[in-house]
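Heads up, the thing below is written out as C-alpha cells.
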Amino acid sequence: MYKEHIESQLLHADRRQSVEHNAIHKPLHISAQYSFKDVRDLIAVFGNTPGYAYSRQGTPTVAALENKITLLEEGTGSVCFASGMAAIAAVMLTLLNKGDHFITSRYIFGNTKSLFSTLERFGVEMSVVDTTDIQDVQKNIRPNTRLVFTEAIANPVTQVSDLKAIGDLCEQHKLVYFADMTMATPYLLKGKDIKASLVVHSLSKAICGHATALGGSITNTGLYDWEYYPNIMEIYKAYPTQNRALIQIKKKALRDMGATMTSDTANRIAIGAETLTLRVQKSNENALALARYMQESPIFSEVKYPGLDTHPQHQLAKSLFNGKGYGSLIAASLREDIDLITFLNHLNMIVLATHLGDNRTLCLPVAPTIYAETPPEERAKMGISNNLLRISVGIENIQDLIADIEQAYTKTMQSNV
Ligand SMILES: *Cc1c(COP(=O)(O)O)cnc(C)c1O
C-alpha cells in the first residue's frame, strides 16, 4: 500500500481523526472534567476503556498531538507531559525500582544529569559511561540492569553516541533502550531505526520550533517485548503486552507527578510541528554552512559540529542520519585573545539566549551559564573551555548570520585599540 510521507501526514492528521464540525485543527478542549450520562461509562474510563474523566490524565487536544508524535516516530503510542524533563522523569519514576541499575551516557543534558542524581538518592544504581564507545556500555551491564539511556547528539559538545550498536546490545540483553532524540529530531533519525524501546522528545525544541511552549513526549516504538520487563505492575498486566509500559507511564506519572500538558500548549506545539521538516532542513543546512565558515575563520580556535570531517564521530553521524543533516547545534571556542563579553554584546541579530531548536539563531557562553555549577576541572574534562560558545542555528539567511559574526568581531577588535 502507498505510504504517505511524514510531511503530508502531519498536515492531515487532525482532520482524519474526525474533528468536530470537520474542522482542520483539533480544537482547544479546556474543560477540567468530562461528564457522563450513564455512570457505567464513567466507571469504564477508570478501567481500561479509553476516554476522558479529568484533564490531569489528558484531553482530546493533547491526544491529537500524541497522535502526531506517534506518526513522527512510527511508534505504537505516545504520551505527552508538561516538559521534556517531566517526560524523562515519568519513565524513570514509573519503570525503575529501588535496587535497579541503569546505564547512562556521560554526554547528556545537564538537567537530566541532575534528575539522575536524585534517583540515586532514592536507591536506584547508575553507571555513567562513554556511549561513543560500545565496549564501555557493554562492560557496565549488571544482572540488575534494567535500562540504558542515551542522547543522539549531545549538548553542548555535540558527541554522537554509537546509537545502533547500543540498540543491538540492548536487544541482546533484553534491556530497555530509552533514547532522547530531541537533538536529532525524527527528521534525521527515528527511535525505531536504532532499535530504541522508548523515545523521549523535548517538544519545546525543534518540534514546537517557535519557542512558544514547553512540552515533552514519550513514544513506545513497539520493539521491546514488555513481557520481559519485571517492573510492570500487576494492574497493568491486564492490557495487551505491547501497551503495558506506556499505560503504566501515563497513568502513574500523570497521577503521581501531575506534570500535565495543557490543551493550549498541545495546540501550539501541533501547529509548530506542521513545518518541522522544512525548518529542520533549513536549520541543518545553515548549521553546516556556518560551521564551515567558522572553521575557516580566525575568530574561532576550535569548531565542533558533526557535519565537519574533523568531528570525531563524523562518519558515524553521516551513516546514522543518512547524510540528511547533522543537527542545528554548533560548539565553538572563541579565539583566546578576543574578549568573550565584548564579542557577545556586539552580536546584533543572533540572540543571547539559553534555548535550543528555535527558528532564531541563539548563542550562549557555556561555562558561566549552563555549566556554572560544574567545577572548572570537571568542565575541562568534558571539553568545555572558558571561551566555549554554544550556537543553536535557526532558519535566517546564512549570509546575515555570517555578517553578524563578522561585524561583532570587527567592533570587538576596534574597542581593543
Ligand atoms: C531541552 C532538553 C531536555 C529537557 O526538555 P525541557 O522541555 O526543557 O524540559 C531534555 N533533553 C534534551 C536533549 C534537551 O535538549
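Atom CD of E336 sits in a sparse spot, with 12 or fewer heavy atoms from other residues, nucleotides or ligands closer than 6.0 Å. Annotation for E373: atom CD does not count as buried by contact number, only 12 or fewer foreign heavy atoms lying within 6.0 Å. Residue N397 qualifies as enclosed at atom CG: its count of foreign heavy atoms under 6.0 Å is above 12. K192 NZ: more than 12 foreign heavy atoms inside a 6.0 Å radius. Atom CD1 of I30 has 12 or fewer heavy atoms from other residues, nucleotides or ligands within 6.0 Å. In the displayed structure, Q399 atom CD is contacted under 6.0 Å by at most 12 heavy atoms of other residues, nucleotides or ligands. Around atom CG of L11, more than 12 heavy atoms belonging to other residues, nucleotides or ligands sit under 6.0 Å away. Heavy-atom neighbours of R292 CZ from other residues, nucleotides or ligands within 6.0 Å: at or below the threshold of 12.
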- Task: Please step through side chain to side chain donor-acceptor pair (under 3.5 Å) for the pair E396 and T361, ending with a clear verdict.
- Result: CA-CA 7 Å; E396 297 97 336; T361 298; 2.6 Å; yes
- Take H25 and R15 through the side-chain contact (heavy atoms from CB on, under 4.5 Å) test and state the conclusion after the steps. CA-CA 7 Å; H25 292 285; R15 69 184 181 83; over 6 Å; no
- Can you list the steps and then say if T150 with S161 is a side chain to side chain donor-acceptor pair (under 3.5 Å)? CA-CA 7 Å; T150 58; S161 293; 5.2 Å; no
- Message: Please determine whether side-chain contact (heavy atoms from CB on, under 4.5 Å) holds for the pair D133 and D162, giving the CA-CA distance in whole Å, both sets of side-chain angles, and the decisive distance to 0.1 Å.
- Response: CA-CA 7 Å; D133 173 8; D162 200 349; over 6 Å; no
- Item | Verdict with reasoning, L364 to I370, per side-chain contact (heavy atoms from CB on, under 4.5 Å) | CA-CA 9 Å; L364 171 89; I370 52 175; 3.9 Å; yes
- Dump the intermediate steps for side chain to side chain donor-acceptor pair (under 3.5 Å) on T342 and S415, then the final yes or no. CA-CA 8 Å; T342 313; S415 68; 5.0 Å; no
- Item | side-chain contact (heavy atoms from CB on, under 4.5 Å) assessment of R146 paired with V176 | CA-CA 6 Å; R146 299 278 170 262; V176 170; over 6 Å; no
- Query: How far apart are the C-alpha atoms of D180 and T182, what are their side-chain angles, what is the distance that settles it, and do they pass the side chain to side chain donor-acceptor pair (under 3.5 Å) test?
  - Reply: CA-CA 6 Å; D180 184 334; T182 303; 2.6 Å; yes
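Side-chain N or O atoms of T369 include one that pairs as donor or acceptor with a backbone N or O of P365 at under 3.5 Å. Q57 places no side-chain N or O within 3.5 Å of a backbone atom of Y54 that could act as its donor or acceptor partner. Distance alone, capped at 3.5 Å, places no donor-acceptor pair between the D136 side chain and the T131 backbone. Judged by distance alone, with hydrogens and angles left aside, the side-chain atoms of E73 form a donor-acceptor pair with the main-chain N or O of G191 at under 3.5 Å. Although no hydrogens or angles enter the test, the distance criterion places a donor-acceptor pair under 3.5 Å between the side chain of Q9 and the main chain of E4. Between the side chain of N243 and the main chain of Y239, no donor-acceptor pair closer than 3.5 Å is present. Using a distance-only test at 3.5 Å, with no hydrogens or angles considered, a donor-acceptor pair links the side chain of H355 to the main chain of S204. Here the side chain of K304 pairs no donor or acceptor atom with the backbone of A332 at under 3.5 angstrom. When atom types are taken as modelled, the side chain of R335 and the backbone of F300 share no donor-acceptor pair closer than 3.5 angstrom. For S283 (side chain) and R279 (main-chain N/O), a donor-acceptor pair under 3.5 Å exists by modelled atom type.
Nearest heavy atoms, I194 versus Y177: O-CE2, 3.2 Å. Minimum heavy-atom separation, L340 to N386: CD2-O, 4.3 Å. In this structure, L320 and L189 approach most closely via the heavy-atom pair O-CD1, 3.4 Å. Among all heavy-atom pairs drawn from G58 and Y52, the shortest one is O-CD2, 3.5 Å. Counting all heavy atoms, side chain and backbone alike, N231 lies closest to L96 at ND2-CA, 3.9 Å. Taking all atoms of both residues into account, the shortest heavy-atom contact from A206 to T185 is CB-CG2, 3.7 Å.
With rounding to the nearest 0.5 angstrom, the CG atom of L147 is 9.5 Å from the OG1 atom of T145. Remark: H29 NE2 to D264 CG distance equals 13.5 Å, nearest 0.5 Å. The line from OG of S78 to CG of L203 is 9.0 Å long, rounded to the nearest 0.5 Å. To the nearest 0.5 Å, atoms OG (S127) and NZ (K139) are separated by 11.0 Å. L362 CG to T354 OG1: the interatomic distance, rounded to the nearest 0.5 Å, is 8.5 Å. Rounding to the nearest 0.5 Å places NZ of K195 at 8.5 Å from CG of L223.
Counting heavy atoms from C-beta outward, K3 and E74 have side chains that approach closer than 4.5 Å. Put simply, the side chain of Q159 does not reach to within 4.5 Å of the side chain of L316, judged on heavy atoms. Looking only at side-chain heavy atoms (C-beta outward), I24 and D14 stay at 4.5 Å or farther from each other. Contact check for L334 versus S301: no side-chain heavy atoms found under the 4.5 Å cut-off. Using a 4.5 Å heavy-atom threshold, the side chains of L214 and T265 count as separate. For the pair T132 and Q313, the minimum side-chain heavy-atom distance is below 4.5 Å. Between M85 and T112, the closest side-chain pair of non-hydrogen atoms falls below 4.5 Å. Side-chain contact check for Q172 versus D168: every heavy-atom pair is 4.5 Å or farther apart.
Figure legend: cation-pi geometry between K324 and Y187, with NZ or CZ positioned under 6.0 Å from the six-membered ring centre and within 45° of its axis.
Under the side-chain hydrogen bond (donor to acceptor under 3.5 Å, both in side chains) criterion, E406 pairs with Y293, not counting sequence neighbours. Residues forming a ring pair (Phe, Tyr, Trp, His ring centres under 6.0 Å) with Y229 (at least two apart in sequence, or on another chain): W226.
A distance below 6.0 Å separates the ring centres of Y326 and H314.
Side-chain N/O atoms of N144 and D100 include no donor and acceptor closer than 3.5 Å.
For the pair R142 and E125, the salt-bridge criterion is met [side-chain N within less than 4.0 Å of a carboxylate O].
Within the structure, the ring-ring contact (aromatic ring centres under 6.0 Å, His included) test picks out the following pairs touching residues 93-121 (sequence neighbours left out): F102-F116, F116-F149.
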